[in-house]
Amino acid sequence: MNTTSLSDERYNEFIEALKEVVDPELGVNIVDLGLIYNLLWDVDNDALIVEMTLTSAGCPLTDVIEEQIGQCLDGHADKFRINWIWMPPWGPEKITDDGREMMRALGFSI
């Protein structure tokens with residue numbers, strides 16, 4: 001697979017779109033939860049590659065998140081693929097400051 005980095009403008013466009021995807025269990029978007037590890041462009045298949053993880057490897061809501069990603073990327077990328085990354089594992093230290101504020105507003109003590 002031949003991949004390349006995205007321009008800052010395209011990267012930010014996709015990140016903003018992905019902020020619409022909310023983790024169904026925690027109620028915070030996947031970007032501010034720190035679940036997005038990287039975004040790349042698959043040159044061979046003309047598709048966005050979303051390298052991401054979940055809060056736990058056994059998350060039963062993978063399909064829901066994938067569907068939400070597809071919906072939010074509509075109009076931004078014709079094709080995408082998720083590359084699930086399990087190492088390094090997700091931890092609360094990956095949550096952004098905005099994500100921490102959102103979690104506190106939902107009643108989490110973080």
Side-chain angles (χ1 to χ4, degrees):
M1 175 174 39
N2 185 16
T3 62
T4 187
S5 297
L6 299 166
S7 69
D8 288 345
E9 183 178 328
R10 287 289 277 169
Y11 185 90
N12 291 333
E13 173 190 345
F14 291 130
I15 286 294
E16 286 305 310
L18 289 168
K19 284 184 178 181
E20 298 299 317
V21 179
V22 174
D23 181 286
E25 292 180 311
L26 298 176
V28 175
N29 73 72
I30 62 174
V31 173
D32 286 314
L33 277 177
L35 299 179
I36 302 296
Y37 284 178
N38 199 11
L39 300 175
L40 298 167
W41 194 258
D42 179 345
V43 177
D44 298 331
N45 295 301
D46 198 31
L48 177 67
I49 298 173
V50 179
E51 292 187 336
M52 67 175 293
T53 194
L54 296 170
T55 54
S56 71
C59 178
L61 300 169
T62 305
D63 293 342
V64 172
I65 291 173
E66 282 190 52
E67 185 178 318
Q68 284 186 35
I69 289 173
Q71 290 171 356
C72 83
L73 289 176
D74 189 34
H76 298 279
D78 292 332
K79 296 188 282 185
F80 77 95
R81 183 174 59 99
I82 298 174
N83 184 16
W84 297 106
I85 307 287
W86 304 113
M87 287 301 190
W90 178 86
E93 71 281 354
K94 296 188 184 316
I95 302 172
T96 67
D97 289 340
D98 286 346
R100 290 177 189 284
E101 284 182 32
M102 289 177 221
M103 291 188 78
R104 284 188 202 104
L106 293 169
F108 291 94
S109 58
I110 187 163

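Quick caveat, the model's predicted, so the values are computed rather than measured. One is the number of the first residue; the rest follow in order along the sequence. Just so it is clear, the values below take in all heavy atoms, side chains as well, and ignore hydrogens, waters and symmetry mates.
With sequence neighbours left out, the side chain to side chain contact (heavy atoms under 4.5 Å, CB included) criterion links Ser56 to Cys59. Checked against side chain to side chain donor-acceptor pair (under 3.5 Å), Asp23 has no partners two or more places apart in sequence or in another chain.
In terms of heavy atoms, Thr4 sits closest to Val43 at CG2-CG2, 3.7 Å. Contact detail for Leu106 and Gly27: the closest heavy-atom pair is CD1-O, 3.6 Å. Heavy atoms only, all atoms of each residue included: Cys72 and Ala17 are closest at SG-O, 3.2 Å. Scanning both residues, Gly99 and Val28, for their nearest heavy atoms gives CA-CG1, 4.2 Å.
Aromatic ring orientation, His76 versus Phe14: perpendicular (interplanar angle above 60°, classes split at 30° and 60°).
Formation of a donor-acceptor pair under 3.5 Å by the Thr53 side chain with backbone atoms of Ile85 is found in this model.
Cluster partners of Ile49 are Met1, Leu40, counting Ile, Leu, Val, Met, Phe, Trp and Tyr whose side-chain heavy atoms approach within less than 4.5 Å, directly or via other members.
A continuous path of ILVMFWY side-chain contacts below 4.5 Å connects Leu39 to Trp84, so both sit in one hydrophobic cluster. Placement of Val64 and Val31 in two distinct hydrophobic clusters is found when ILVMFWY residues are connected by side-chain heavy-atom separations under 4.5 Å, directly or transitively.
Listed by first then second residue, pairs satisfying salt bridge (charged side-chain N to carboxylate O under 4.0 Å, His left out) with a partner in residues 44-53 number zero, not counting sequence neighbours. For residues 4-22, every residue pair satisfying the salt bridge (charged side-chain N to carboxylate O under 4.0 Å, His left out) rule, not counting sequence neighbours, is listed here: Arg10-Glu13, Glu16-Lys19. The salt bridge (charged side-chain N to carboxylate O under 4.0 Å, His left out) contacts involving residues 76-105 comprise nothing, where partners must be two or more places apart or lie in separate chains.
Separation of atoms CG (Leu26) and CD1 (Ile95) is listed at 7.5 Å; rounding is to 0.5 Å. Between the CD1 atom of Ile30 and the OG1 atom of Thr55 there is a distance of 11.5 Å, given to the nearest 0.5 Å. In this structure, the separation between CD1 on Ile36 and CD1 on Ile15 is 6.0 Å, given to the nearest 0.5 Å. Rounded to the nearest 0.5 Å, atoms CG (Asp74) and CZ (Phe80) are 10.0 Å apart. We find the OH-CG distance between Tyr11 and Leu48 to be 10.5 Å, quoted to the nearest 0.5 Å. Atom CD1 in Ile69 sits 4.5 Å away from atom CE in Met52 (nearest 0.5 Å).
Trp90 places none of its side-chain heavy atoms less than 4.5 Å from the side chain of Leu54. Side-chain contact between Ser5 and Asn38 is absent, with no heavy atoms from C-beta onward closer than 4.5 Å.
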- Can you check side chain to side chain contact (heavy atoms under 4.5 Å, CB included) on Val21 and Gln71, steps first, answer last? CA-CA 9 Å; Val21 179; Gln71 290 171 356; over 6 Å; no
